[in-house]
Structure formats: structure tokens, C-alpha cells
Amino acid sequence: MSLKIYNTLSRSKEEFEPIEADKVRFYVCGPTVYAEAHLGHAMSALVFDIVRRYLMYSGYDVNFVMNFTDVDDKIIAKANEIGADPYELAEHYINEYKRNLAELNILPATKNPRATEDMPQIISMIEALIEKGHAYEAHGDVYYRVESKDDYGKLSGRKLASMNAGARIEVDERKEHPMDFALWKAAKPGEPAWDSPWGQGRPGWHIECSAMNMTHLGEQIDIHGGGNDLIFPHHENEIAQTEAVTGKEFARVWMHNGMMSLKSEKMSKSLGNMITVDEFLADYPADVMRLWVLGGSYRGPLVYSEEVIEQTEQAYKRLLSAKKSALPGAVGLQADALATLQNEAEKAKADFKESMDDDFNTAGALANLFELVKVINLARADGATDVQLAQAQGVFMELAGVLGLTLEEKKAQSASDADAFIDLLVALRRDLRAEKNWALSDKVRDSLKELGVILEDSKDGTSWSWE
RNA sequence: GGCGACGUGGCCAAGUGGUAAGGCAGGAGUCUGCAAAACUCUCAUCAUGGGUUCGAUUCCCAUCGUCGCCUCCA
């Protein structure tokens with residue numbers, strides 16, 4: 001079995017073959033940092049984290065670069081609005097973003113380049129484009145000439161002619177063609193600006209990604225990812241610029257995640273219908289967010305609703321059940337039953353890989369994981385000992401880890417302090433139960449539940465856990 | 001208007017030319033003082049209408065519906 005990935009460029013699944021064997025050059029478009037990260041950002045980041053983890057699991061050495069757009073109209077506008085320095089504003093949100101990623105158990109990028117830190121490369125790339133006739137200067141601005149290459153539009157499947165017809169944007173007269181886009185914008189008074197051959201100014205949005213790609217990964221990369229809202233114009237323009245400069249194919253595979261929506265409307269900063277990552281994580285473990293994303297197809301939309309999140313939370317609890325220890329009085333499995341358990345675990349692993357190899361079919365992989373949960377729980381119910389469960393549970397945790405699930409149950413702040421008292425209550429309750437004082441023993445159980453401690457009785461004793 | 005995606009049980013969601021994974025919820029059991037957990041059993045004919053085929057949910061066409069992009073956006 002080999003990995004197949006859906007390539008937006010060809011609109012089909014293709015066998016994945018990196019440029020250099022065993023190495024993957026992976027670039028993902030990060031956010032423009034002027035506001036808190038919302039669940040849509042989290043979805044995208046999780047999708048590519050899962051892709052990256054699976055590539056690593058498959059033996060690839062992954063060089064994962066995600067940029068931050070830290071100079072842009074929105075950042076400047078927001079900074080002016082609140083009277084802050086644009087650079088510091090960006091700095092603030094970059095740190096917040098990184099904190100959110102860490103909380104979501106997303107592996108840190110190999111590199112997080114920022115537009116403002118690669119200015120010389122951006123400028124020299126624009127110079128190269130002008131030199132080759134793909135760009136032109138006009139009053140301190142520099143525009144990319146979309147008609148200079150005849151494959152413009154190949155990613156998004158658009159033809160210049162048809163776009164022209166529907167253009168409702170006011171056409172800037174300095175442009176040769178309405179679709180020409182800015183590589184460099186002349187500075188207006190008070191805006192952050194850098195020196196350039198065309199005067200003071202700042203880079204356009206698309207060129208920074210091209211320049212950062214080239215600087216940090218090289219002229220050609222294996223995978224370029226981002227939200228599907230970036231296909232046009234952002235990624236289309238990135239391809240145009242980069243290929244115009246290098247004359248080589250830019251990215252082998254273009255991956256795009258679907259959008260998150262809230263009540264049938266795309267969640268976005270500009271629409272204001274967003275739930276921030278912090279808001280979500282205040283109520284649910286990071287694993288629930290990840291599990292929710294894993295439950296669907298990364299290319300499709302994800303619709304937020306309380307009901308779905310609660311369902312996901314229940315599913316999460318079921319996943320957790322596989323980790324539990326053997327029952328107190330476990331007598332051990334017969335040899336054939338143990339063999340079945342281990343075979344099933346290996347089968348789950350093989351099925352899991354097969355699912356993931358098919359364009360990261362996480363919903364299928366998750367189903368394979370749940371099948372393993374069932375097998376483990378069944379073995380435990382049949383009396384398997386901890387030692388006998390270990391192999392299957394090891395496979396289970398390995399696969400969960402590939403998906404980035406930690407399955408760590410959250411502990412109360414002062415867990416270590418409380419433990420002794422809870423143990424004491426459980427011991428007292430055992431005596432109450434021995435005396436068949438059900439009223440009091442139930443009261444202890446109910447009261448502890450209100451404090452977030454779950455008691456579970458079995459004929460061999462009582463176990464407890466934090467909710 | 002142009003380009004694209006999608007429409008599977010109450011909810012979420014895989015998948016296949018030969019009658020449909022998994023999760024949540026529901027129903028019935030086992031276990032238990034009770035509860036919880038776990039386990040067992042149970043719950044769909046795949047938007048609609050045509051067509052191709054021995055046979056389609058899966059291929060083609062049309063219709064309806066939902067969503068995304070075409071402007072900043074993960």
C-alpha cells in the first residue's frame with residue numbers, strides 16, 4: 001500500500017512521490033495575525049498536523065514550514081484603531097496563535113517565517129519578475145502581469161477571459177489587466193514601510209509566501225497546503241509568481257482543507273461569526289476538537305453545533321475506555337482468546353494504515369480505532385489481565401498518537417492532594433456498602449460526582465476517576 | 001452569471017458496480033443492592049426523476065437543495 005493524496009491541481013488522487021526520497025518539503029499558509037485564532041484556523045492547523053504526523057509515521061523526514069503574515073492592511077487598520085504599533089500587534093497574535101497550537105497538541109513547525117523577516121528575498125524576487133517581464137512598476141506599486149504566462153488559472157480552473165466578464169471590482173487604472181495583482185504596494189503616510197528599488201513600500205500578500213517558500217524550502221516543494229478559500233487568488237498567484245521566476249513546477253501536491261461553518265455560514269473573522277480556540281478549549285479537551293475534525297473528511301466542510309460537539313465528547317469517552325486497566329478480579333484469557341485479541345489489534349493497525357493511505361481518510365481510520373476499542377474492552381470483560389491487554393493497548397495508543405490524540409484524562413488542579421481524601425471516602429463507603437447502607441453510600445457517590453469524581457462499583461471493589 | 005464541492009438511518013459520518021464501516025442517541029438484554037462502565041442483540045436501501053448494466057447507493061444526464069470561491073479570509 002502506498003500513500004495517495006488528492007491534488008487540487010489535478011483534481012484527483014495521486015500516488016505521493018516526494019522530490020527527494022524519504023523527505024517531504026511541506027509548506028502551509030498560516031494566518032494573518034490581527035485577531036485571535038478561531039475554530040476554522042484550528043481545523044486547518046489540525047488537518048495539516050495530522051497529515052504531517054502520518055507522513056512522519058510513514059517514515060518521511062518532514063520539513064514543515066508555516067508562515068505568519070505580519071504586515072498587511074488589516075493589521076495596520078487594527079493597529080490604528082486601537083493605537084498600537086503594527087509590529088507589536090502582530091507579535092502579540094503570533095504568540096497567542098502559537099500558544100493555541102500547542103494547546104491543541106499541534107507539533108511546532110520546523111520553521112515559522114514571517115513576511116517582515118524575509119524582506120530582502122521578497123524584494124529580489126520582485127526584481128527577478130520585473131527583469132523577466134512578468135511584472136511592471138506603476139507609481140511605486142509593482143504588479144504581476146497575469147497575461148505573461150498562459151497557464152494562469154490552472155489551479156483554480158479559471159480562465160482570465162471569464163473572470164474579466166464578471167469583474168465587479170473597480171478596475172485600478174494603473175493596471176494593465178484587471179486581474180494583475182500587487183507584488184509591492186507603495187507606502188501611504190504613516191504605514192510601515194521598507195526601502196525598495198521602487199521607493200518606500202511593503203509587499204503584497206501573495207509574494208511573501210512565494211519568497212518564504214523559496215527561502216526556507218527551495219524552488220520546488222512537495223506539498224503546499226491551506227484552506228480552500230485560498231485557492232483563488234492566493235495560491236493561484238503564488239504558483240504564477242514562483243513558476244515565472246524559476247521556470248519549474250512549484251509544488252507537486254496542493255492540499256486544501258474544507259471550511260468550518262457555523263449555522264450554515266462560513267466561520268470567519270470578517271463575518272464575525274466565530275468561536276475562538278480559547279473559548280472552545282475552556283469547555284472541552286483539545287482531544288475533542290481533534291476528534292471532531294478526524295470524524296469528517298478534511299476536504300469537506302465541518303459544521304459546528306452544540307449537538308455535534310457533545311456527540312464527539314461521548315465518542316471521546318469511549319476512546320478513553322480502551323485505556324482502562326484489567327478488571328480487579330481478572331483471571332486471565334485462554335491462549336486462543338489472547339491470540340484473537342492480538343490478531344485483531346494487528347488487523348486494526350493494518351486497516352488503519354490502509355485508511356490513512358487513502359488520502360488521509362481519518363473517518364475510516366477512526367472507525368478502525370473504534371473497532372480496536374471494542375476488541376480491547378471485550379477482552380477485558382472476558383477477564384484479560386493487564387499484561388495480556390498491553391500489546392493491544394500499545395497498538396491502540398500508537399495509532400491514537402499518529403492522529404495526535406493524547407487521550408490523557410485531565411486531572412484536577414490539586415489531584416495529588418485530593419487523592420488521599422477520595423480514597424478515604426471510597427474506603428468508608430465500602431464499609432457502608434458492606435452494611436448495606438445504600439442510602440448513605442449512594443449519597444457519597446452522588447456527592448462525589450458533583451465534585452467531578454466518578455465512582456464505579458464492581459464485585460471486586462470500587463474504582464474512581466476524574467470526570 | 002462563472003468555477004467547484006456536496007446531498008447516506010433521529011444526529012455526525014466512511015464506503016463499494018452485486019443489496020451499506022464506525023461514533024452519538026434510542027430500544028431489548030447480561031452484570032449490579034442500585035447506578036455507572038463494559039459486553040450482547042437491535043435500528044437505513046444511500047435527495048428526486050430518467051438512462052447505461054444481468055445488476056447502481058456507487059457510472060452518465062436532468063431536476064431540486066445546501067455550501068465554498070470569484071473581494072480580505074484557514
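A, B, ... follow the sequence lines: proteins, then strands. Residue 1 opens every chain. Only heavy atoms go into these numbers, but all of them, side chains included; no hydrogens, no water, no symmetry mates.
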Looking for any heavy atom pair under 4.0 Å, which part of the strands does A:G30 touch: base, sugar-phosphate only, or nothing?
sugar-phosphate
Closest to the A:D358 side chain: B:G22, B:G15, B:G68?
B:G15
Among B:G22, B:A74, B:C69, which nucleotide has an atom closest to any side-chain atom of A:L230?
B:A74
Distance-only side-chain donor-acceptor flag, A:D359 / A:Y298, under 3.5 Å:
yes
Which whole-number value in Å describes the distance from A:Y298 OH to B:C6 C1'?
16 Å
According to ring-ring contact (aromatic ring centres under 6.0 Å, His included), who are the partners of A:F396, at least two apart in sequence or on a separate chain?
none
Correct closest heavy-atom pair for A:M259 and A:G227 would be CE-CA, 3.8 Å
Sugar-phosphate, base or nothing in reach of A:A315, heavy atoms under 4.0 Å:
sugar-phosphate
What nucleic acid atoms does A:G226 come within less than 4.0 Å of, heavy atoms only: base, sugar-phosphate, or nothing?
sugar-phosphate
Classify the ring geometry between A:F280 and A:Y284 as parallel (under 30°), tilted (30 to 60°) or perpendicular (over 60°).
tilted
Any side-chain to backbone donor/acceptor pair from A:N7 onto A:R252? Under 3.5 Å, distance only.
yes
Pick out which of A:F48, A:F250, A:F26, A:F64 makes a ring pair (Phe, Tyr, Trp, His ring centres under 6.0 Å) with A:H224.
A:F250
Where protein sits on nucleotides 32-40 of chain B, one letter per nucleotide: B base, S sugar-phosphate only, - none, heavy atoms under 4.0 Å
-BBBBSSSS
Kindly say whether, by distance alone, the side chain of A:Q311 makes a donor-acceptor pair under 3.5 Å with the base of B:C11?
yes
